[in-house]
Amino acid sequence: MEELSNLIEFGKLLTALVAIAAAVWAFQKWRARDELFPRVFFEVSINFIGKRDDQIICELVAVLENKGIVPLKLRNMIFVVKGLLASGTLESGGDDIRHQLDFKHNLLKGAFIPSGWNYTFIYPGVRTEYNYVATIPAKAEFVRMQSDFDYEEPGRSHHAAKVLAVPNFDPD
């Protein structure tokens, strides 16, 4: 009888150790997958609408899709549009842009999120479009748009960029 009691106690101890080992394994697997890390699709573009008074009306668009499982909170979603003018020369930039083509002229700078908002959020599985309507000089031939945002966590940010040819709206 005492042997059976010892065997039952050993079984309880073994079950507890297996349960602890399984919990540690599950936690490590969850941590390695980083389930709470934001997974976001982020793309920018410009829709060129038309020309008026030597200005081109355009719609700047940022598309974000939350592909993760937690709500995505972001703030300070800004954009910069730089351009190459038809009369300008093509030159490479410095180390700060890794010697890529330098879009020298600052055409637009602004924010997709109003300054009074502390943040905006996107639920998991949701795709959201932000837009901003403005003008650029008609003498712009190519543009580079970049947008950046900060995650809610300090020190973490994300950016997207795109280079586009500005269409010629002048009748031939």
Review point. Within the distance-only criterion (no hydrogens, no angle test), does the side chain of H99 pair as donor or acceptor with the backbone N or O of S92 below 3.5 angstrom?
Key: no
If Ile, Leu, Val, Met, Phe, Trp and Tyr residues are connected whenever their side-chain heavy atoms lie under 4.5 Å apart, and connections chain through other members, are Y130 and F48 in the same group?
yes
Rounded to the nearest 0.5 angstrom, the CG-OG1 distance for L74 and T120 is 6.0 Å
Taking the side chain from Q100 and the backbone from I97, do they hold a donor-acceptor pair closer than 3.5 Å?
yes
Closest non-hydrogen atoms of V126 and I122, given as atom of the first, atom of the second and distance, are O-CG2, 3.3 Å
Following the transitive rule for hydrophobic clusters with a side-chain heavy-atom cut-off under 4.5 Å over Ile, Leu, Val, Met, Phe, Trp and Tyr, establish whether L72 and V44 coincide in one cluster.
-> yes
When rounded to the nearest 0.5 Å, the distance separating CD of Q55 from NZ of K139 is 9.5 Å
Value for OG1 (T135) from CD1 (I56), rounded to nearest 0.5 Å, stands at 9.5 Å
Shortest non-hydrogen pair, I49 vs E59, comes out as CG1-N, 4.4 Å
One should read off an interatomic distance between T15 OG1 and L17 CG, to the nearest 0.5 angstrom, of 9.0 Å
- Report whether I136 and F103 are members of the same hydrophobic cluster (ILVMFWY, side-chain heavy atoms less than 4.5 Å apart, transitive linking). no
Neighbour count >12 (heavy atoms, 6.0 Å) for atom CZ, R52: no
To the nearest 0.5 Å, atom CG of L84 lies from atom CG of D102 at 8.0 Å
CZ of R127 to NZ of K67, rounded to nearest 0.5 Å, is 9.0 Å
task: Flag the pair E153 and K73 as a salt bridge only when some basic side-chain nitrogen lies within less than 4.0 angstrom of an acidic carboxylate oxygen.
output: no
- Are I78 and F42 joined in one hydrophobic group, where the rule is that I, L, V, M, F, W and Y side chains link up if heavy atoms are under 4.5 Å apart? no
Check your understanding: Is atom CZ of F121 surrounded by more than 12 heavy atoms (other residues, nucleotides or ligands) closer than 6.0 Å?
Key -> no
Between L108 and the options V80, V143, V81, the side chain to side chain contact (heavy atoms under 4.5 Å, CB included) test singles out V81
Nearest heavy-atom contact between G68 and P124 is O-CB, 3.3 Å
Query raised in the report: With hydrophobic residues grouped by side-chain heavy-atom distances under 4.5 Å, do L60 and W117 end up in a single group?
Result: yes
- request: Just do the side chain to side chain contact (heavy atoms under 4.5 Å, CB included) check on S147 and F112 with the steps written out, would you?
  value: CA-CA 9 Å; S147 182; F112 284 111; 3.7 Å; yes
Inset, instruction - Kindly say whether V70 contributes a backbone atom to a donor-acceptor pair with the side chain of N66 at under 3.5 angstrom? - result: yes
- Task: Give the intermediate values and the outcome of side chain to side chain donor-acceptor pair (under 3.5 Å) for residues D148 and Q146.
- Result: CA-CA 7 Å; D148 303 87; Q146 179 172 327; 3.2 Å; yes
### Query
Are V166 and E141 close enough, and set up right, to give a side chain to side chain contact (heavy atoms under 4.5 Å, CB included), and what steps lead you there?
CA-CA 5 Å; V166 178; E141 191 174 21; 5.8 Å; no
**Study point:** Validation row: L107, K82 side chains within 4.5 angstrom (heavy atoms)
**Key:** no
Can the ring centroids of F149 and Y151 be said to lie less than 6.0 angstrom from one another? yes
Close side-chain approach of K162 to L164, heavy-atom, < 4.5 Å
yes
When every non-hydrogen atom of R75 is compared with those of P154, the smallest separation belongs to NH2-CA, 4.2 Å
Compare all side-chain heavy atoms of E65 with those of T128 and state whether any distance is below 4.5 angstrom. no
Check: In this structure, are over 12 heavy atoms from other groups packed under 6.0 Å from D96 atom CG?
Finding: yes
Handout entry: Min side-chain heavy-atom separation L90-L101 under 4.5 Å
Key = yes
